[in-house]
Amino acid sequence: MSEIDTTKAPMSSEEQKAYQARQKHRAIIMAGLLFFLVVLFYLITFVKIGAAAS
């Protein structure tokens with residue numbers, strides 16, 4: 001388990017905003033990737049079921 005580094009100074013307001021912006025950007029990318037995978041799995045399933053019904 002990692003320990004908290006108490007020797008570092010707390011983040012400034014600008015650093016905090018930049019950090020939160022990176023987190024938000026990363027979260028948006030992950031949500032987009034998850035959405036893409038859901039659509040991809042749906043389409044694969046749809047095609048397989050369609051092929052089996054023919």
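These numbers come from a predicted model, not from an experiment.
Hydrophobic clustering, defined by side-chain heavy atoms of Ile, Leu, Val, Met, Phe, Trp and Tyr closer than 4.5 Å, groups Y19 together with M11.
Note: L34 CG to I29 CD1 = 13.5 Å, rounded to the nearest 0.5 Å. To the nearest 0.5 Å, atoms OG1 (T45) and CD1 (I49) are separated by 6.0 Å.
The one candidate from Q16, K24, R22 that meets the side chain to side chain contact (heavy atoms under 4.5 Å, CB included) condition with Q20 is Q16.
L43 meets the side chain to side chain contact (heavy atoms under 4.5 Å, CB included) test with V39; sequence neighbours excluded. Partners of S13 under the side chain to side chain contact (heavy atoms under 4.5 Å, CB included) rule, at least two apart in sequence or in another chain, are K17. Every residue was checked against the side chain to side chain contact (heavy atoms under 4.5 Å, CB included) condition with V47, not counting sequence neighbours, and none meets it.
Transitive grouping of hydrophobic side chains (ILVMFWY, heavy atoms separated by less than 4.5 Å) keeps F35 and L40 in distinct clusters. L37 and F46 fall into different hydrophobic clusters, where Ile, Leu, Val, Met, Phe, Trp and Tyr are joined by side-chain heavy atoms under 4.5 Å apart, directly or via other members.
By the neighbour-count criterion of 12 heavy atoms within 6.0 Å, atom CD of E14 is sparsely surrounded, having that number or fewer from other residues, nucleotides or ligands.
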